[in-house]
Each structure stands twice: as C-alpha cells, then as structure tokens.
A.B. asks: 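Here's a structure for you.
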Protein chains: 2
Amino acid sequence: MAQGMNIGEAAKASGLSPKMIRWYEEQGLIPRPPRSEGGYRVYGPKDIERLRFIRRARDLGFGVRQIGQLLALWQDRGRASADVKRLALEHAAALEARIEALRGILAAIRHLAEHCHGDARPDCPILEHLAHDQEEHP
Amino acid sequence: MAQGMNIGEAAKASGLSPKMIRWYEEQGLIPRPPRSEGGYRVYGPKDIERLRFIRRARDLGFGVRQIGQLLALWQDRGRASADVKRLALEHAAALEARIEALRGILAAIRHLAEHCHGDARPDCPILEHLAHDQEEHP
DNA sequence: TCTTGACCTTCCCAGAATGGTAAAGCCCAC
DNA sequence: GTGGGCTTTACCATTCTGGGAAGGTCAAGA
C-alpha cells in the first residue's frame, strides 16, 4: 500500500476532509494528482506528506497564501531560514493584533455586563451604551 | 435639517458605509426607508439613531443576528435586562473562546520562531515541525 | 437653460475556509 | 450482478465588507 490512495484515504491519512483536499488542489497548493481509469484522484506518499504539511500549517492558523509560501520554502533546498522566520513572525504579529482587538472588545462587554443587574427590570446599561453616544466628545 | 438625509449623509452621521446601510436593510435590521421622487432613500432622525445603535453593536463584535435581537430588546419597553445581559455574556464567552484558541496558536508560533536562527542557512525548526509528524502517537 | 460633477440606484463579483446537497458514475465484496 | 459505499462535478450558504459597472438624479455654476 501507500501506493495509490483514494481521496477518502488521503483525507484520513492527512487529517483534512476530501472537500478541503479538492479545494486546496483548486487553489494550487497541491498538484493535480493522476486519475484512475474511473476518474478517481490517486495520491501517492509524497502527496500525503504535502497534505499533512498543509494541515499542520492550517492548524497554526496560516492562510492559504502563506501556506503556499511555506510549501515553496519547504521545497527549496537553498532557502534561508530567515525567510521562514519572517513569515512566522508576520503571522504572529497579525495574530497578536487580532487578539488585542478582541480583548478590547471583550473587556468592554464584560464591563457593561457587570453593571447590568440582569433581572426582570428593563433598564440596562448595555442598551444605554448602544443607544446613546457617549463616545463622541474628543 | 435632520429631516431627510440621503444615504451618504446617513452614513456620515452613523459611521457606517452606504454599502453597509443597504446591506443591513436587506438583512432586515432596519426598515426600508421611504424614497424621494428620484428613488433615493430618505432617512429621518429615528433611522439615524437606529443606524448608530447598529454601528456600536457591530463595534462590540456582535453579529447581525445578535444585533437584531438587541434591537428588538431595545424597542421592547417591557424587556427584562436579564435577556440583554444573557446575550452579552454569551457573546463574551464566544469571544473568550476565540481569544483562547488564537493565543494557543500564537504561543506555538512564537515558540517555533524562537528556535529558528533566522539566517541564511536552510535548516529551520518551523519547517521541520510542519513536515514531520511529531504529533501523532496517542 | 445647459453642463458638469457628485451622488444615488441596482446588480454582480470577490474574499477565506468550510459545510451541505444533489445527480451521476465507479468499485468491490458477496 | 447487485447493493452500498465511495467519488466525481457543480451549485449554494455562511459573514461582513469592499470594489466596480451601467445608468439615473440632483444641485450649482456658466
């Protein structure tokens, strides 16, 4: 075995869904595999390796474009590790920015919720915040 | 003024883009406004209030469905603040989950990047992590 | 009054990644 | 040979936002 897996087996072996495998193929992350007589995609060990690489990169939150760059670097024997590191640090910076934005929002929500008594009465600082412009006044 | 603003003015007054205003209308968050003779949407003060409410809710990361619920509660004189609070806390929990997931990923990336010397040499623990399955072996 | 430029209208397309469905064809074990 | 499971393509939906095209409207200035 390991010689010629169908997409379902490739999916199990890589941790991706068949759908995603086809989609990555469409996006150009993986070469179009040969087909069986019946038209089925046939994957070899190299393909499985590549799919697993993709899954791990995806699990680290890399986008399709970045995964493509990582794959290119991976295949490039003469790569500089600095290039890989730069990609990773850019991704880290983007993640951090998203996290910070979300944390700001979370803090605001929590703050509002804390001051809402949360009973049967209708008055609520959350709705008041949304309704009245306390924000503008620089 | 404040009587009959075009969509562009409504956008400036609310902080939303004209595109988004039309889209919120399509999503049912705001009633379809009356039109001028020429077919232009005409917004009154009440509409602007509602648009601002929507913008603030959006800025707090609420999704369209939740904004709809918040608007309904806002208009409901007999609402219980507990309902608003529940919505806010659900949203906070979802935010927290997303933040935690991102933080896990960020830590992993940072850890890998720290161990990558990042120079002209090709060997790189980041690519090695992506290439070799250290993870499977339960 | 005519022109011009800014604004508005609708409709289509795109992204990013995933899931679902449907109609049809293939493959294998019994 | 037949049934059930797998695969194929193709289309739709999500969530929110932006871009653009093709055409209509409006107001101000010449």
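Each chain gets a letter, A, B and so on, in the order the sequences are listed, and its residues count up from 1.
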A.B. asks: When the nearest nucleotide of DNA chain C is assigned to B/R35 and to A/R65 on a heavy-atom basis, which residue is associated with the more 5' position?
C.D. replies: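 Taking each residue's closest nucleotide, the earlier one in sequence belongs to B/R35.
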A.B. asks: As a test of reading the structure: which of D/dG5, C/dC8, D/dG19 is closest to the side chain of A/Y40, going by heavy atoms?
C.D. replies: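 When the side chain of A/Y40 is considered, D/dG5 is the closest of D/dG5, C/dC8, D/dG19.
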A.B. asks: Could you say whether A/E9 or B/M20 is positioned toward the 5' end of DNA chain D, judged by the nucleotide with the nearest heavy atom to each?
C.D. replies: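 So the residue in question is A/E9.
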A.B. asks: Find the distance B/R55:CZ to D/dT17:C1' and express it as a whole number of Å.
C.D. replies: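 The answer, rounded to whole Å, is 16 Å.
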A.B. asks: Would you mind classifying the nucleic acid contact of B/R22 as base, sugar-phosphate or nothing, using non-hydrogen atoms under 4.0 angstrom?
C.D. replies: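 Base contact - B/R22 has a heavy atom under 4.0 Å of at least one base atom.
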A.B. asks: Would you check if the side chain of A/R121 reaches a backbone N or O of B/S81 as a donor-acceptor pair within less than 3.5 Å?
C.D. replies: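 No.
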A.B. asks: What integer distance in Å separates B/E25:CD from C/dC11:P?
C.D. replies: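 Interatomic distance, CD of B/E25 to P of C/dC11: 12 Å.
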A.B. asks: Do the side-chain N or O atoms of A/R41 get closer than 4.0 angstrom to the phosphate oxygens (OP1, OP2) of D/dT7?
C.D. replies: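 Negative; the distance criterion is not met.
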A.B. asks: Under the side-chain contact (heavy atoms from CB on, under 4.5 Å) criterion, do A/H129 and B/L60 qualify, and how do the steps go?
C.D. replies: CA-CA 11 Å; A/H129 171 88; B/L60 287 177; 4.1 Å; yes
A.B. asks: Got a donor-acceptor pair under 3.5 Å from the side chain of A/K19 to the base of C/dT21?
C.D. replies: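 Side chain to base: pair present.
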A.B. asks: In this structure, how many angstroms lie between the P atom of C/dA17 and the CG atom of A/L60, rounded?
C.D. replies: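 Nearest whole value for this atom pair: 14 Å.
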A.B. asks: A/S14 side chain to A/I48 main-chain N or O, any donor-acceptor pair under 3.5 Å?
C.D. replies: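 Pair absent, no side-chain N/O of A/S14 close to backbone of A/I48.
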A.B. asks: Testing the basics here: between B/P33 and B/Y43, what is the closest heavy-atom pair and its distance to 0.1 Å?
C.D. replies: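 Nearest pair, atom of B/P33 first, then B/Y43: CG-CE2, 3.6 Å.
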A.B. asks: Give the nucleotide from the list D/dG18, D/dA10, C/dC27 with an atom nearest to the side chain of B/S17.
C.D. replies: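 Output: D/dG18.
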